[in-house]
> 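Before I ask anything, here is the structure I am working with.
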Amino acid sequence: MNKFPSKATIEYLRSVYKKGTRVELEYMDDLQAPPKGARGTVLFVDDIGSIHVRWDNGSTLAIAYGVDSAWICSAPNED
């Protein structure tokens with residue numbers, strides 16, 4: 001049974017996975033998931049810790065906190 005992350009965890013995720021951060025998928029437990037190694041750009045982190053990503057293949061599936069995993073490839077450009 002999954003437990004929702006704490007408010008502190010959500011704030012941490014939002015500080016690490018800022019809009020524009022590039023990620024590479026390691027694992028996603030979803031039949032519609034992009035393949036391992038797919039890259040995408042973070043859109044936002046929602047109130048349950050899901051990291052919403054626009055994948056380079058056009059998909060917009062979120063990375064579920066505590067279930068899926070991805071690596072950070074690069075930080076967003078801060079102009």
Side-chain angles (χ1 to χ4, degrees):
M1 178 176 192
N2 288 340
K3 179 180 166 189
F4 290 113
S6 68
K7 184 175 181 178
T9 298
I10 300 297
E11 292 306 314
Y12 171 76
L13 290 171
R14 287 179 174 154
S15 74
V16 172
Y17 294 96
K18 294 178 183 173
K19 181 178 181 177
T21 300
R22 295 284 294 165
V23 294
E24 182 175 318
L25 186 64
E26 175 67 25
Y27 171 79
M28 184 178 282
D29 185 20
D30 190 308
L31 293 175
Q32 302 291 323
K36 179 179 179 177
R39 291 188 176 204
T41 304
V42 173
L43 301 171
F44 64 96
V45 176
D46 68 19
D47 291 339
I48 62 168
S50 296
I51 303 162
H52 292 259
V53 176
R54 175 173 291 120
W55 298 100
D56 293 350
N57 70 358
S59 172
T60 55
L61 287 174
I63 300 166
Y65 175 77
V67 178
D68 305 328
S69 62
W71 302 98
I72 293 176
C73 300
S74 63
N77 293 330
E78 295 187 19
D79 299 328

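Start at 1 with the first residue, then count along the sequence. All values below come from the heavy atoms of this structure, side chains included, with hydrogens, waters and symmetry mates left out.
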> Just by distance, do the side chain of Arg14 and the backbone of Val45 share a donor-acceptor pair under 3.5 Å?
yes

> Grab the two heavy atoms, one from Ala62 and one from Ser50, that are nearest each other, plus how far apart they are.
CB-CB, 4.0 Å

> Ignoring hydrogens and angles, state whether a donor on the side chain of Thr60 or Arg54 is under 3.5 Å from an acceptor on the partner side chain.
no

> First locate atom OG1 of Thr21, then atom CG of Leu43, and finally report the distance between them rounded to the nearest 0.5 Å.
10.5 Å

> Hey, could you give me the CD1/OG distance between Ile10 and Ser15, rounded to the nearest 0.5 Å?
11.5 Å

> Would you say CZ of Phe44 has more than 12 non-hydrogen atoms from neighbouring residues, nucleotides or ligands within 6.0 angstrom?
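Above 12, so yes.
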
> Say you draw a straight line from CD1 of Ile72 to CD of Glu24; how long is it, rounded to the nearest 0.5 Å?
12.0 Å

> Going by heavy atoms in the side chains, are Asp29 and Asp68 under 4.5 Å from each other?
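Sidechains of Asp68 and Asp29: in contact.
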
> Closest heavy-atom contact between Pro34 and Leu61?
CD-CD1, 4.2 Å

> For the residue pair Met28 and Trp55, what are the closest heavy atoms and their distance?
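That would be CE-CZ2, 4.0 Å.
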
> Same cluster for Trp71 and Val42 if Ile/Leu/Val/Met/Phe/Trp/Tyr side chains link at under 4.5 Å?
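They do not share one cluster, since no chain of ILVMFWY contacts under 4.5 Å joins Trp71 to Val42.
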
> If Ile, Leu, Val, Met, Phe, Trp and Tyr residues are connected whenever their side-chain heavy atoms lie under 4.5 Å apart, and connections chain through other members, are Tyr17 and Tyr27 in the same group?
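Shared cluster, no.
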
> Does Ile63 reach the side chain of Glu26, with side-chain heavy atoms less than 4.5 Å apart?
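Not touching, per the 4.5 Å side-chain cut-off.
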
> What's the spacing between Lys7 NZ and Asp47 CG if we round to 0.5 Å?
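Atom-to-atom, Lys7:NZ and Asp47:CG are 10.0 Å apart.
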
> Calculate, to the nearest 0.5 Å, the distance between atoms CD1 and CG belonging to Ile48 and Leu13 respectively.
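Between Ile48 CD1 and Leu13 CG, I get 11.5 Å after rounding to 0.5 Å.
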
> So, taking the atom named OG1 in Thr41 and the one named NZ in Lys19, what distance separates them when rounded to the nearest 0.5 Å?
10.5 Å

> Any heavy-atom pair between the side chains of Tyr65 and Thr9 that's under 4.5 Å?
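Yes; the side chains approach each other to less than 4.5 Å.
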
> May I ask you to test the Ser59-Gln32 pair for a side-chain heavy-atom distance under 4.5 Å?
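Contact flag for Ser59/Gln32 side chains = no.
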
